[in-house]
Amino acid sequence: EEEPFPLTERDKVALSQTDEEFQLHTWDELKTVIATNTINVLTRKPSQVRAYIDWCRQIKREYGSISNYLTEHRLPWGPPPCAYLSSVPLSGLDDYLILMNDWPYGFTSDITHIVVWSKTPIATDDENGGMTDESRRVLGDFVKRTFVDRLGGDQERVLWFKNWVHLQSVRALEHFHVLVRNASKEDLEFWTGKQQGRNAGPASR
């Protein structure tokens with residue numbers, strides 16, 4: 001059966017392993033991965049890769065696509081393309097949503113995996129599907145004021161990345177990933193808006 005999202009070489013290796021054999025991604029490794037833009041090495045624990053494949057297949061059978069499922073059950077925006085207020089990504093509160101990732105990568109237990117969903121398109125380089133310089137600046141500024149400043153300016157506890165287009169399992173809905181080290185329950189509730197009764201987050205690569 002065709003895989004429901006592009007499997008990387010590391011995903012394929014993980015599928016041949018047990019959870020006990022899998023080496024969890026550490027914070028120091030993640031700093032190198034993001035700095036060198038080798039995000040294709042990130043994967044989930046073997047049991048989670050298998051479970052995510054099964055979940056994606058089931059969702060596609062029932063809803064046609066993961067995007068359809070997310071907009072029906074998780075993101076209250078309606079089907080894409082979503083109507084946005086500002087053409088600058090993440091500049092208005094109504095144009096984005098911060099949620100926990102239900103299917104995080106295989107990180108050590110001190111790392112929390114968050115996904116930021118954007119109504120506004122985030123420009124990419126047509127040649128390789130990576131971010132443009134302007135997109136990188138906009139997202140970097142958002143991460144600083146939203147996450148780093150909340151942690152008292154401690155930049156060493158926050159990392160972020162946006163998957164290349166061809167690695168994404170949810171391409172129709174703009175999103176990027178934020179990783180926080182030793183996040184408190186209060187910080188996570190603040191970022192995800194749980195105090196205001198927002199739902200926990202959707203799955204994503």
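Basis for what follows: all heavy atoms, side chains included, without hydrogens, waters or symmetry-related copies.
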- prompt: What is the distance from atom CG of Leu188 to atom CG of Leu99, rounded to the nearest 0.5 Å?
  reply: 12.0 Å
query: At their closest point, which heavy atom of Val115 faces which heavy atom of His175, and how far apart are they?
result: CG1-CB, 3.7 Å
- request: Kindly write out the residues that satisfy side chain to side chain donor-acceptor pair (under 3.5 Å) with Glu62, not counting sequence neighbours, or none if the list is empty.
  value: Gln58
field: Rounded distance [0.5 Å steps], CG in Leu42 versus CZ in Phe107
entry: 5.5 Å
message: I want to check something: taking the side chain as every heavy atom from C-beta on, are Leu90 and Thr120 in contact at a cut-off of under 4.5 Å?
response: no
field: For Lys31, all residues meeting side chain to side chain donor-acceptor pair (under 3.5 Å), sequence neighbours excluded
entry: none
- prompt: Listed by chain and number, what are the salt bridge (charged side-chain N to carboxylate O under 4.0 Å, His left out) partners of Asp54, not counting sequence neighbours?
  reply: none
message: Within the 4.5 Å heavy-atom criterion, are Gln48 and Trp55 side-chain neighbours or not?
response: no
query: Which pair of heavy atoms, one from Ser65 and one from Ile59, lies closest together, and at what distance?
result: O-CG2, 3.9 Å
message: Students often mix this up, so state it plainly: with edges at 30° and 60°, are the rings of Phe142 and Tyr96 parallel, tilted or perpendicular?
response: perpendicular
- request: Would you name the heavy atoms of Leu159 and Ile34 that are closest together and state the gap between them?
  value: CB-CD1, 3.7 Å
task: Please check if any side-chain donor atom of Tyr105 sits under 3.5 Å from a side-chain acceptor atom of His177, or the reverse.
output: no
- request: Taking all heavy atoms of Ile39 and all of Val33, pick out the closest pair and write down the distance.
  value: CA-CG1, 3.7 Å
message: Among residues at least two apart in sequence or on other chains, which ones pass side chain to side chain donor-acceptor pair (under 3.5 Å) with Ser16?
response: none
Trp191 side-chain N/O to Met100 backbone N/O, donor-acceptor pair under 3.5 Å: no
query: What distance separates Arg136 CZ from Lys162 NZ, expressed to the nearest 0.5 Å?
result: 10.5 Å
field: 4.5 Å side-chain heavy-atom contact, Val138 and Ser91
entry: no
- request: Measure from the side-chain N and O atoms of Thr71 to the backbone N and O of Asn68, and report whether any donor-acceptor pair falls under 3.5 Å.
  value: yes
- prompt: Mind checking who shares a hydrophobic cluster with Phe22, ILVMFWY linked at side-chain heavy-atom distances under 4.5 Å?
  reply: Leu24
statement: Of all heavy-atom pairs linking Arg44 and Ala14, the shortest is O-CB, 4.0 Å
task: Mind telling me whether Trp103 and Tyr52 have parallel, tilted or perpendicular rings, with 30° and 60° as the class edges?
output: tilted
message: Can you confirm whether Leu30 sits close enough to Ile111 that some side-chain heavy atom of one is under 4.5 Å from a side-chain heavy atom of the other?
response: yes
query: Could you walk me through whether Ile66 and Phe5 pass the side chain to side chain contact (heavy atoms under 4.5 Å, CB included) check?
result: CA-CA 10 Å; Ile66 298 175; Phe5 60 88; 5.9 Å; no
query: So do the side chains of Thr112 and Pro104 get within less than 4.5 Å of each other, counting heavy atoms only?
result: no
Residues which pass side chain to side chain donor-acceptor pair (under 3.5 Å) with Glu134, listed by chain and number, not counting sequence neighbours: Arg137
Which residues share a side chain to side chain contact (heavy atoms under 4.5 Å, CB included) with Pro121, sequence neighbours left out: Tyr84, Glu174
- request: Of all the heavy-atom pairs spanning Trp77 and Trp117, show the shortest one and how long it is.
  value: CH2-O, 3.4 Å
query: Arg50 side chain to Leu15 main-chain N or O, any donor-acceptor pair under 3.5 Å?
result: yes
task: Not counting sequence neighbours, which residues clear side chain to side chain contact (heavy atoms under 4.5 Å, CB included) with Leu85? List them please.
output: Asp94, Asp95
- line: The side chain to side chain contact (heavy atoms under 4.5 Å, CB included) partners of Arg10 (sequence neighbours excluded) come to Thr8, His25, Val41, Thr43
message: Under the criterion side chain to side chain contact (heavy atoms under 4.5 Å, CB included), I'd like the reasoning laid out for Phe176 against Met131: C-alpha separation, chi angles, the key distance, then a yes or no.
response: CA-CA 11 Å; Phe176 68 99; Met131 285 181 291; over 6 Å; no
message: For Asp19, give me all partners under salt bridge (charged side-chain N to carboxylate O under 4.0 Å, His left out), at least two apart in sequence or on another chain.
response: none
- prompt: Less than 4.5 Å apart, any side-chain heavy atom of Thr32 and any of Thr38?
  reply: no
message: Give me each pair satisfying salt bridge (Lys or Arg N to Asp or Glu O under 4.0 Å) with a member in residues 106-116, each pair once, sequence neighbours excluded.
response: Asp110-Arg181
message: If I take atom OH from residue Tyr69 and atom CG from residue Leu75, how far apart are they, to the nearest 0.5 angstrom?
response: 10.5 Å
message: Using side chain to side chain contact (heavy atoms under 4.5 Å, CB included), reason through Phe161 and Leu179 one step at a time and then give a plain yes or no.
response: CA-CA 9 Å; Phe161 66 93; Leu179 311 176; 4.1 Å; yes
message: Measuring from atom NE2 of His113 to atom CG of Asp102, what distance do you get when rounded to the nearest 0.5 angstrom?
response: 11.0 Å
Euclidean distance, Arg61 CZ relative to Cys56 SG, rounded to 0.5 Å: 11.0 Å
message: Taking the side chain as everything from C-beta on, heavy atoms only, tell me whether Ile98 gets closer than 4.5 Å to Thr146.
response: yes
query: Who pairs with Thr18 by side chain to side chain contact (heavy atoms under 4.5 Å, CB included), at least two apart in sequence or on another chain?
result: Glu20, Glu21
- prompt: Can Leu7 and Ile53 be said to form a side chain to side chain contact (heavy atoms under 4.5 Å, CB included), step by step?
  reply: CA-CA 10 Å; Leu7 292 179; Ile53 289 173; 4.0 Å; yes
